[in-house]
There are 2 protein chains.
Amino acid sequence: MTVRLSTKGDYGVRALIELALHEGEGPVHRAGIAARRQIPESYLDHLLAQLRRDGFVRSTRGPAGGHELARPASEIRLLDVLESLEGSLAPLGCLEGGETHSEQHVVCGQQWVWREIYDAMRARLASVTLTELLERDRARRGGGAPSYSI
Amino acid sequence: MTVRLSTKGDYGVRALIELALHEGEGPVHRAGIAARRQIPESYLDHLLAQLRRDGFVRSTRGPAGGHELARPASEIRLLDVLESLEGSLAPLGCLEGGETHSEQHVVCGQQWVWREIYDAMRARLASVTLTELLERDRARRGGGAPSYSI
DNA sequence: GGATTGTCGACTAAATCGCTCGACATTGTA
DNA sequence: TACAATGTCGAGCGATTTAGTCGACAATCC
């Protein structure tokens with residue numbers, strides 16, 4: 001029952017789409033993102049912290065503070081966002097590029113097949129930018145009324 | 001940190017490779033499989049039970065009993081084995097073909113990308129047979145001495 | 001009838017997921 | 001300068017899953 005993305009990646013991408021939607025309009029505050037994209041606010045907190053650490057988001061404190069994209073949406077790749085939030089997407093521990101992993105999973109029998117699948121997956125995810133995600137999101141909600149009010 | 005295969009798939013495939021190696025020689029007993037393929041014996045028990053339920057393995061009780069392939073190795077696909085042991089390999093709950101899933105994961109934002117990746121992954125895994133796995137395994141151990149004695 | 005094997009289900013320890021909560025830091029405004 | 005609105009950080013928690021173990025039972029060969 002494993003081999004499954006957690007909610008982190010989805011929530012995180014939703015939040016970034018919201019930020020992309022307001023790109024260049026100054027910081028958006030967390031409560032707004034949470035409400036409009038239906039993400040538990042105190043959980044979103046952690047996700048934004050991670051995205052900030054990895055340079056996708058910049059935030060300012062104080063009243064009128066909030067979060068905004070640290071880089072243009074067109075330069076943010078889905079792959080990088082997911083790896084930031086979910087950790088490595090490698091289906092087997094032994095496919096991990098890094099060195100810091102303690103190799104708890106020795107699982108490595110069918111490495112040759114999975115290496116191929118993993119590479120293809122990463123390539124595809126790398127080809128998707130936040131701009132494209134935003135467009136897809138707009139299209140999905142575009143037809144009918146948005147499911148949330150601004 | 002998710003999106004990772006558990007040990008089940010690897011252990012299960014290892015066990016099937018061992019059975020394929022002795023195809024047509026009558027049942028192989030569990031303790032032997034466990035020792036030769038380095039799988040905890042009482043855990044292997046559960047994996048074999050699952051593989052039997054799904055028709056990959058047939059077993060006989062009593063002394064000189066054991067397990068053997070229920071179908072020719074050439075007709076056993078890696079995809080089916082992994083889905084038997086790991087459950088659905090869908091990275092998102094919403095990509096699941098079945099109806100019985102309770103949709104605890106609502107995660108469905110980037111469905112369009114993942115659908116594509118998932119389909120490619122399944123196609124590749126479906127193209128690998130147990131025969132090929134056995135050959136690869138032989139090749140890997142072939143050069144040097146086997147890492148276990150028979 | 002006993003030894004050897006498989007079968008089944010209950011139990012467990014550790015890790016992870018999906019959160020919540022509270023204390024604290026920063027900063028705009030009155 | 002006070003205070004209110006915001007972000008930041010880390011501890012903790014209930015539920016679920018992983019990766020097993022264990023023990024009672026069933027079948028079968030001798």
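Residue numbering restarts at 1 for every chain, and letters A, B, ... go by the order of the sequence lines.
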#### Entry: Which atom of A:Pro27 lies closest to which atom of A:Gly65, heavy atoms considered
CB-C, 3.9 Å

### Query
Between atom CD in A:Gln50 and atom P in D:dG7, what is the gap in whole Å?
18 Å

### Message
Using whole Å, what does the distance between atom P of nucleotide D:dT6 and atom CD of A:Glu68 come to?
### Response
15 Å

### Task
Check the distance between D:dA19's C1' and B:Asp10's CG and give it to me in whole angstrom.
14 Å

Write down the protein N/O and nucleotide N/O pairs, taken from nucleotides 9-15 of chain D, whose separation is under 3.5 Å; answer none if there are no such pairs.
residue	atom	partner	partner atom	Å
D:dC9	N4	A:Asp45	OD2	2.9

### Query
Among pairs that include at least one residue of residues 126-136 of chain B, which meet side-chain hydrogen bond (donor to acceptor under 3.5 Å, both in side chains), considering only residues two or more places apart or in two chains?
B:Arg124-B:Ser127

### Query
For the pair made of CD1 in A:Ile39 and P in C:dC19, what is the distance, rounded to whole Å?
10 Å

### Query
Whole-Å distance between C:dT27 C1' and A:His29 NE2?
16 Å

### Summary
With sequence neighbours left out, the residues meeting side chain to side chain contact (heavy atoms under 4.5 Å, CB included) with B:Glu75 are B:Pro72

### Query
Does B:Gln111 use its side chain to pair, donor to acceptor, with the backbone of B:Leu95 at less than 3.5 Å?
no

### Value in whole Å for how far the C1' atom of C:dC19 lies from CD of A:Glu41
13 Å

#### Entry: Any B:Ser59 side-chain nitrogen or oxygen under 4.0 Å from OP1 or OP2 of C:dG6
no

### Task
Just compare D:dC29, D:dG20, C:dC19 and give me whichever is closest to any side-chain atom of B:Thr7.
D:dG20

### Query
Hey, does B:Gly62 reach any base, or is it just sugar-phosphate, or nothing, if we go heavy atoms under 4.0 Å?
base

### Query
Among pairs that include at least one residue of residues 40-50 of chain B, which meet side-chain hydrogen bond (donor to acceptor under 3.5 Å, both in side chains), considering only residues two or more places apart or in two chains?
B:Arg30-B:Glu41, B:Arg30-B:Asp45, B:Gln50-B:Arg53, B:Gln50-B:Asp54

### Query
Out of D:dT28, C:dG28, C:dC19, which nucleotide sits closest to the side chain of B:Pro63?
D:dT28

### Query
Can you pull the side-chain hydrogen bond (donor to acceptor under 3.5 Å, both in side chains) pairs that have at least one residue in residues 59-74 of chain B, sequence neighbours excluded?
B:Arg52-B:Ser59

### Message
When you measure from the side-chain N and O atoms of B:Thr60 to the phosphate of D:dT28, is any distance below 4.0 Å, counting only OP1 and OP2?
### Response
no

### Message
Could you tell me how far apart A:Lys8 (NZ) and C:dC17 (C1') are, to the nearest whole angstrom?
### Response
7 Å

### Set of side chain to side chain contact (heavy atoms under 4.5 Å, CB included) partners for B:Asp80, sequence neighbours left out
B:Phe56, B:Arg77

#### Entry: B:Tyr11 side-chain proximity, nearest of C:dC17, D:dG20, C:dT27
D:dG20

### Task
Would you mind reading off the distance between B:Tyr43 atom OH and D:dT18 atom P, rounded to a whole angstrom?
8 Å

